[in-house]
Amino acid sequence: MIYCLTGELIYLDALTYTAVVDCGGVGYKTTVTANTLTKLSAADRASVRIYTHMQVREDAVELYGFYDTKELEMFRLLITVSGVGPKAACAILSVLSPDALALAVSTEDSKAIARAQGVGAKTAARVVLELKDKFAKNFPVSDAAATKVVSGKSASPVSTTKLSDAKDALIVLGYTSAEAMKALKNVDQSADVETIIRQALAFLMS
């Protein structure tokens with residue numbers, strides 16, 4: 001098992017999500033996520049480190065690379081879900097950052113997961129169902145988010161903070177600020193942040 005690759009980044013292809021790292025004169029080709037691709041493109045190419053998962057098949061041995069261990073651990077959990085192979089797992093981690101995926105799973109937002117190429121609604125629902133407890137244990141989501149305030153709605157200081165956190169969470173999941181604000185006008189402000197997010201998502205998906 002190859003745990004990680006450390007060396008010079010000699011090739012990076014945004015079209016095929018491919019990265020090649022030269023380790024001691026040997027170039028290792030890996031398939032990466034959009035998240036990892038973005039971070040590698042900004043890194044010092046002379047010395048990079050990619051954490052890897054090796055997939056062994058009858059006709060090939062493939063390496064999947066990740067910029068940090070958190071993304072790698074999420075990938076390994078995703079491929080335990082029925083119907084989610086390495087390519088689908090990479091697709092999910094390409095449309096959702098690790099933090100956004102953790103939030104999507106915790107709030108049962110299968111719609112956000114289904115945005116990944118090749119991932120249908122049923123598969124996305126299975127990801128939430130099978131991984132919610134595991135994600136809650138390994139990747140807990142904090143109620144605190146950014147400090148932006150949802151405008152256009154009167155509220156107490158406490159509820160305003162909760163609405164701000166909920167708005168930030170919705171934006172992380174891919175919704176626009178306008179969509180988030182519209183949805184948050186239809187929630188119970190006395191509820192906790194997670195419930196507010198669930199209610200807003202229900203409105204957005206209706």
Side-chain angles (χ1 to χ4, degrees), residues 1-106 108-139 173-174:
M1 176 67 69
I2 300 175
Y3 178 70
C4 67
L5 301 174
T6 302
E8 181 184 359
L9 179 65
I10 60 174
Y11 182 76
L12 193 64
D13 190 338
L15 295 178
T16 61
Y17 292 93
T18 299
V20 178
V21 179
D22 184 331
C23 303
V26 179
Y28 292 88
K29 177 183 176 182
T30 66
T31 298
V32 298
T33 66
N35 177 61
T36 292
L37 185 77
T38 299
K39 291 181 177 179
L40 286 176
S41 64
D44 178 6
R45 293 200 175 202
S47 180
V48 299
R49 174 171 293 172
I50 301 177
Y51 297 91
T52 60
H53 174 85
M54 185 167 63
Q55 187 78 8
V56 180
R57 305 185 318 190
E58 291 184 0
D59 58 343
V61 176
E62 298 180 331
L63 281 177
Y64 294 87
F66 307 92
Y67 196 77
D68 55 42
T69 56
K70 182 177 182 179
E71 191 178 38
L72 171 60
E73 290 170 7
M74 285 188 168
F75 171 86
R76 287 177 171 166
L77 283 176
L78 283 169
I79 61 176
T80 67
V81 177
S82 176
V84 178
K87 290 183 178 179
C90 281
I92 292 172
L93 288 166
S94 288
V95 298
L96 294 171
S97 68
D99 288 340
L101 177 58
L103 185 58
V105 172
S106 69
E108 300 183 10
D109 184 12
S110 59
K111 180 181 177 181
I113 298 171
R115 291 177 181 174
Q117 184 176 5
V119 178
K122 291 183 178 179
T123 299
R126 281 200 300 272
V127 169
V128 171
L129 179 65
E130 296 184 27
L131 296 184
K132 186 175 182 181
D133 290 343
K134 293 179 180 178
F135 265 52
K137 179 180 178 181
N138 296 292
F139 312 108
L173 290 172

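- Around the NZ atom of Lys122, the shell of radius 6.0 Å holds no more than 12 heavy atoms that belong to other residues, nucleotides or ligands.
- Atom CG of Asp44 has more than 12 heavy atoms from other residues, nucleotides or ligands within 6.0 Å.
- To the nearest 0.5 Å, atoms CZ (Arg49) and OH (Tyr67) are separated by 11.0 Å.
- Inter-residue side-chain proximity for Val105 and Ile113 is flagged as met; some heavy-atom pair is nearer than 4.5 Å.
- Counting heavy-atom neighbours within 6.0 Å of Lys70 NZ, excluding the residue itself, gives a total above 12.
- One finds a salt bridge joining Asp59 and Arg57 here, because a Lys/Arg side-chain nitrogen approaches an Asp/Glu carboxylate oxygen to under 4.0 Å.
- The side-chain heavy atoms of Phe135 and Val128, taken from C-beta on, include no pair separated by under 4.5 Å.
- Residues Ile2 and Tyr28 meet the side-chain proximity criterion, which asks for heavy atoms closer than 4.5 Å.
- Of all non-hydrogen atoms in Ala124 and Ser110, the two that sit nearest each other are CB-O, 3.3 Å.
- With sequence neighbours excluded, the residues satisfying side-chain contact (heavy atoms from CB on, under 4.5 Å) with Glu71 are Thr33, Asn35, Thr36, Phe66, Asp68, Leu93, Pro98.
- The distance from the OG1 atom of Thr123 to the CD atom of Glu130 is 10.0 Å, given to the nearest 0.5 Å.
- Separating the CD1 atom in Ile50 from the OG1 atom in Thr30 is a distance of 4.5 Å, to the nearest 0.5 Å.
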Please tabulate, for side-chain N and O atoms in residues 15-27, each donor-acceptor pair with protein atoms closer than 3.5 Å (sequence neighbours left out).
{"from": "Thr16", "atom 1": "OG1", "to": "Asp13", "atom 2": "OD2", "distance (Å)": "3.3"}
{"from": "Thr16", "atom 1": "OG1", "to": "Thr18", "atom 2": "OG1", "distance (Å)": "2.9"}
{"from": "Thr18", "atom 1": "OG1", "to": "Thr16", "atom 2": "O", "distance (Å)": "3.3"}
{"from": "Asp22", "atom 1": "OD1", "to": "Gly25", "atom 2": "N", "distance (Å)": "2.8"}

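- The OH atom of Tyr11 sits 10.5 Å away from atom CZ of Arg45, with the distance rounded to the nearest 0.5 Å.
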Quick one: side chains of residues 73-83, donor-acceptor pairs under 3.5 Å with protein atoms, not counting sequence neighbours, listed by atom name and distance.
{"from": "Arg76", "atom 1": "NE", "to": "His53", "atom 2": "ND1", "distance (Å)": "3.3"}
{"from": "Arg76", "atom 1": "NH2", "to": "Thr52", "atom 2": "O", "distance (Å)": "3.2"}
{"from": "Thr80", "atom 1": "OG1", "to": "Leu77", "atom 2": "O", "distance (Å)": "2.5"}

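- Nearest heavy-atom pair across Val84 and Ala89 is CG1-N, 3.9 Å.
- The environment of CD in Glu8 is crowded: more than 12 heavy-atom neighbours from other residues, nucleotides or ligands sit within 6.0 Å.
- Residue Leu131 holds its CG atom at 11.5 Å from CZ of Arg126, rounded to the nearest 0.5 Å.
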